[in-house]
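Order of the sequence lines fixes the chain letters, A, B, ..., with proteins taken first and strands second; residue numbering starts at 1 for each chain.
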Amino acid sequence: MKSAVVVFPASNCDRDAATALEQMTGRPAHMVWHQDSELPDVDLVVLPGGFSYGDYLRCGAMASQSKIIQAVKAHAERGGAVLGICNGFQVLTESHLLPGALIRNADLKFVCRSVALEVDETQSAFTRKYDKGQKVSFPVAHGEGNYVADEETLNRLEGEGRVVFRYAAGDNPNGSSRNIAGILNEKRNVLGLMPHPERVVDPLLGGTDGRAMFESLIEALS
Amino acid sequence: MTAITPELVKEHGLSDDEYAHIKRLMNREPTLVELGIFSVMWSEHCSYKSTRVHLAKLPTKASWVIQGPGENAGVIDIGDGDACIFKMESHNHPSFIEPYQGAATGVGGIMRDVFTMGARPVAMMNALRFGEPSHPKTRHLVSGVVRGIGGYGNCMGVPTVGGEVNFHKSYNGNILVNAMCVGLARTDKIFKSAAKGAGNPVVYIGSKTGRDGIHGATMASAEFDDASEEKRPTVQVGDPFTEKLLLEACLELMATDAIIAIQDMGAAGLTSSSAEMGDKGGSGIELDLDKVPQREANMTAYDMMLSESQERMLAVLKPGREAEAEAIFKKWELDFAVIGITTDTKRLVVKHKGEVVADMPITALSDEAPKYSRPFEIRPAATGAPSFDKSKPVMASLKTILAAPDMASRRWVWEQYDVSVMSDTVQAPGGDSAVVRVHGTKKGLAITTDVTPRYCKADPFEGAKQAVAEAWRNITAVGARPLAVTDNLNFGNPQKPQIMGEIVAGIDGIGEACRALDFPVIGGNCSLYNETNGEGILPTPAIGGVGLMKDVAKSATIAFKRNVDVIMLVGETKGHLGQSIYLREIEGREEGAAPRVHLPSEKRNGDFVRLLIEAGGIDTVHDISDGGLLVAIAEMCLAGKMGANIRLPDGSDPIPFLFGEDQARYVVAFPSAMSVRVTDTARNHGVPHVLIGCTAPDKLLVEGIGELPVSELRTAHEGWFPRYMSGEEVPVTN
Amino acid sequence: MKARVFVTLKNGVLDPQGKAIGHALNGLGFGAVGEVRQGKVIDIDLAESDAEKARSDLKAMCEKLLANTVIEKYEIELKA
Amino acid sequence: MKARVFVTLKNGVLDPQGKAIGHALNGLGFGAVGEVRQGKVIDIDLAESDAEKARSDLKAMCEKLLANTVIEKYEIELKA
Ligand SMILES: Nc1ncnc2c1ncn2[C@@H]1O[C@H](COP(=O)(O)OP(=O)(O)O)[C@@H](O)[C@H]1O
Ligand SMILES: [Mg+2]
């Protein structure tokens, strides 16, 4: 699987994503500057976590206007896989590649801790190696991960099996509607999620529950 | 030209003698700009005039020290061509005025000190002291400071991996916010601030200059700014986004060989950075202020030289490399301007609108800066072993202690920090030291900050020794070899002989401990004049320590791991209750002698514990500090989500044994099959040790005394901070 | 020309900040405080003398960047 | 009664958000955009019919909570 990681000004999980990708796929990821207008020939594009443009105005808003986003949209249009993690998820909603919006955590505090998640959907290139209903634990680290959308959108996401990860009952760190932690687009090739799978691929660093996501992608895209 | 009146001199914080000396050095009256430059360069903050003679006594050398005090940060060699660069600094006063921005810019400032030397910051720590919880300002300050630290550090993408939080009434009007940054570089790619050579371009990079935090602002606004309607805010606002760009741009420029010298603009911005670079390089510097990127209209030379706008750097480049550098800063969308040139005159010359507004010998700002041997008086240390009520129920006391503001879990704090970004955090907050892997290797850095201010109050010398010893112990407890420290000396007014005595004794205590433990001081910061209504804060010489381990996979943690592991107490227990948490929280008294650190025992016991961890198989260690043995064991139960059965050695007095704060001690747990090997090794090394029980499910039990479910301990320990911060509870303590 | 743009949450969209402020104000004894909503105000210096053109540019800025029209609405105010 | 409170940074205080927004707008081709400053607007429902009283309450709210008067200033607007 060939992959690229987009670097926005003040992305800060770009190296983490690249390290995880290299560790899991055995080949280095392309680092793509936000001002570039083209993506290299890759199967997966990762929009990493961080604070693109300082998270000023709204998280992900300015990054969604970057040149590279047109290319990311075209890649998604062609059926290429796109994974937005944390700030990357925010960029995806701001670019309208995913519905809804991410607003301030309900308790207004930045939260960094491990959360219990349920894998709700395994019919996707991102999660086929998980079991449906499997409980996994990923860290979150964000101040604005509270997913909101109108009822109709929420119903549709659920009805179409596009809610991929949910915070386990009682462990919702941000007040997200219906405990939503990660969602797919209609074509199921774009995933955005607030928790960080790339931070749980190394047993020394608090777990390996994120590995199956990369293994799923490798199987689906190679 | 503005006449320099005695009032103006006074408003610049210069004494009559100092001003007379300035006139001698200049051979004339200074201009206003020159006066401003002298005032900041000769300030306590920049010149260390009260402490320099004493700081000179600290041990600063070891074979692994690449750079001791004197540069922006200290540097140690951690093998394989890797260097670790670190420093701690205070932002106390600004954080009291505006907790969010004060703490945030404190974080930003210390990061610049580290990346200006070529390092990528990899870990942040924060040592915080607040007033008593019942004080009306405390909650607001805690909330703002923690948000500010997180706001800046999280955006930078550097994990904040530990720190300290204390509450005490002596900080009611003067909180302490000390931040430490640890970075990594290659030993052959370390950048310094000596602007050697003449004719080299001086370049300004980063944010534009505004009128932020200008000293003597009251005076300045009356003098030069009749147009402005508002009083100028002296608070600086941090812009972590720009800092992140500045970090990446600087590291990119550093990968070339275009830089001769580079220095962040910290306190006293353009003034101190240019003066220090010229001083260290033995050169002169000529600045043209018209070239300085400016945020506001009509800025005066005085404004620009004294501005403390954040996220700025000054560099000296090799001639002809300007375009290359500029391209990098353009890419990162940062301001870049050539604002001057180095000369061979050893003078700082500042031009503005075609006029020379300052022209002064650089040595007048450095070597000639005042240095005082202030009178000091060493107050006798508190003595005696306090009495206590033997009938108080031990388990209830344990619960009370675990829920005390100084002892309760700091989870509420650290969950607001990104602790795992950069994917190298092996041990996040909650243990003895944070452990951060050196990216791409098996090596790890162990990082801690420590000081117990109540010991320092009772006995400044022993207390300072203890701070070093505890840092050394915390690093040892995870299995790392302690290598070096940075200090942050927070004290009251040095012009009071009693306070000066605390400072002198404190520095001597640090020196003695660092020498004995082979733990040199490679950097530091002094924050003096910390007072509330004329009362000094508790003397607070915070110690930031860094150690190295060869293989992070072997790092020990405090969590009990297996049922029926043997629990061993390492070190001698006499039951020292003076100045203990037990005495304060249960008996309501702060008295008696502070515990003494016997440095040879400290070293012997610690070396033994490290040996056990390094040999493999021992993965559970906790040092014993605040609260004593039973608190340490309770913390190990909480972290491991399991219990323990403890048996007191024959003849021991329960309360002093369980809650005494004797030094040089650790709790170690291991499978019983290892008992013989471990006890033999201890005997061979002459290390006092005793087996005191074993791990167990669910309950902490002390034989013949009582028991508590771990869940109940958890509720007590985890509950206080969130309850307090949500406004539900304002306990009256200390 | 100076412009002021208001960006506020659409009705019905959850506003955690507004809620927290309202709660805190009640807690401070301001009992008369009912619902509170927080939004942004963005002041812009525009080198543009034609009010029509300014207004249409500002509208474009809002649609493109200043507001997230999924959850926010905006108002534009031109001054002198 | 409804009130609108504006909380904005004092002049001279660095506004990183405004700066970044201005920069982004320029980057999007809005060349006429000069300085940008971002502030907050807080809309408050007040169960208070006396305008005088409302105004003085709002002032107290600003001083106590809504504005950080070290770096921010505020304006109060009452609406029917
Ligand atoms: N301000 C803080 N930020 C992050 N972590 C903190 C902070 N204060 C305390 N901690 C963490 O809480 C744990 C307990 O702190 P402390 O009791 O001071 O440890 P010790 O006694 O081992 O020095 C440590 O892991 C420490 O790093
Ligand atoms: Mg410890």
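Checking side-chain atoms of B:Y417 against main-chain N and O of B:M125 turns up no donor-acceptor pair under 3.5 Å. In terms of modelled atom types and a separation under 3.5 Å, the side chain of A:N185 and the main chain of A:V190 share a donor-acceptor contact. Side-chain N or O atoms of B:N126 include one that pairs as donor or acceptor with a backbone N or O of B:G162 at under 3.5 Å. With hydrogens and angles disregarded, no donor-acceptor distance shorter than 3.5 Å links the side chain of B:T620 to the backbone of B:F560. Between the side chain of A:N172 and the backbone N or O of A:N146, no donor-acceptor pair lies under 3.5 Å. With B:K443 contributing its side chain and B:D82 its backbone, the two residues share no donor-acceptor pair below 3.5 Å. Side-chain atoms of A:N87 never come within 3.5 Å of backbone atoms of A:H142 as a donor-acceptor pair (strictly under, hydrogens ignored). Listed for the B:R120 side chain is no donor-acceptor partner under 3.5 Å among the backbone atoms of B:L184. Of the possible donor and acceptor atoms, one in the side chain of B:R437 sits under 3.5 Å from a partner among the backbone N and O of B:S423.
Contact tally against chain A (heavy-atom pairs below 4.5 Å) for B:L247, B:L245, B:N154, B:D239: the top residue is B:N154. Annotation: maximal heavy-atom pairing with chain B below 4.5 Å, among A:P139, A:P9, A:A141, A:G143, occurs at A:P9. Note: B:H439 leads B:R411, B:H439, B:E243 in heavy-atom pairs under 4.5 Å with chain A. Heavy-atom pairs under 4.5 Å with chain B peak, among A:D16, A:V200, A:V201, at A:D16.
Ionic pairing of B:D619 and B:R562 is present here: one or more N-O contacts between side-chain nitrogen and carboxylate oxygen are shorter than 4.0 angstrom.
Between the CG atom of A:N189 and the CG atom of A:L83 there is a distance of 11.5 Å, given to the nearest 0.5 Å. Atom CD in B:Q427 sits 8.0 Å away from atom CG in B:D432 (nearest 0.5 Å). Rounded to the nearest 0.5 Å, atoms CG (B:D424) and OG1 (A:T19) are 7.5 Å apart. In this structure, A:S124 OG and A:L184 CG are separated by 5.0 Å, a value rounded to the nearest 0.5 Å. Going from atom NZ of B:K244 over to atom SG of B:C155 covers 8.5 Å, rounded to the nearest 0.5 Å. One finds the CD atom of A:E144 at 6.5 Å from the CD atom of A:Q90 (value rounded to the nearest 0.5 Å).
For the pair A:R199 and A:F138, the cation-pi criterion (under 6.0 Å, within 45° of the ring axis) is not fulfilled.
Using a 4.5 Å cut-off on side-chain heavy atoms (C-beta onward), A:H196 and B:V421 make no contact.
Residues from residues 62-73 of chain A never place a non-hydrogen atom less than 4.5 Å from a non-hydrogen atom of chain B. Residues of residues 101-119 of chain A that come within less than 4.5 angstrom of chain B, heavy atom to heavy atom, are A:K109, A:F110, A:V111, A:C112, A:R113 in numerical order. By a heavy-atom distance cut of under 4.5 Å, A:F51, A:Y53, A:G54, A:Y56 are the residues of residues 40-60 of chain A near chain B, going up by number. Heavy-atom neighbours of chain A within the stretch residues 324-333 of chain B, taken at a separation under 4.5 angstrom, comprise B:K331, B:W332, B:E333.
For chain B, the nearby part of A:E198 is the backbone; its heavy atoms alone come within less than 4.5 Å. Of the two parts of B:T425, only the backbone, made up of N, CA, C and O, holds a non-hydrogen atom closer than 4.5 Å to a non-hydrogen atom of chain A.
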Stepwise side chain to side chain donor-acceptor pair (under 3.5 Å) test for B:D212 and B:S309: CA-CA 5 Å; B:D212 311 271; B:S309 290; 2.3 Å; yes
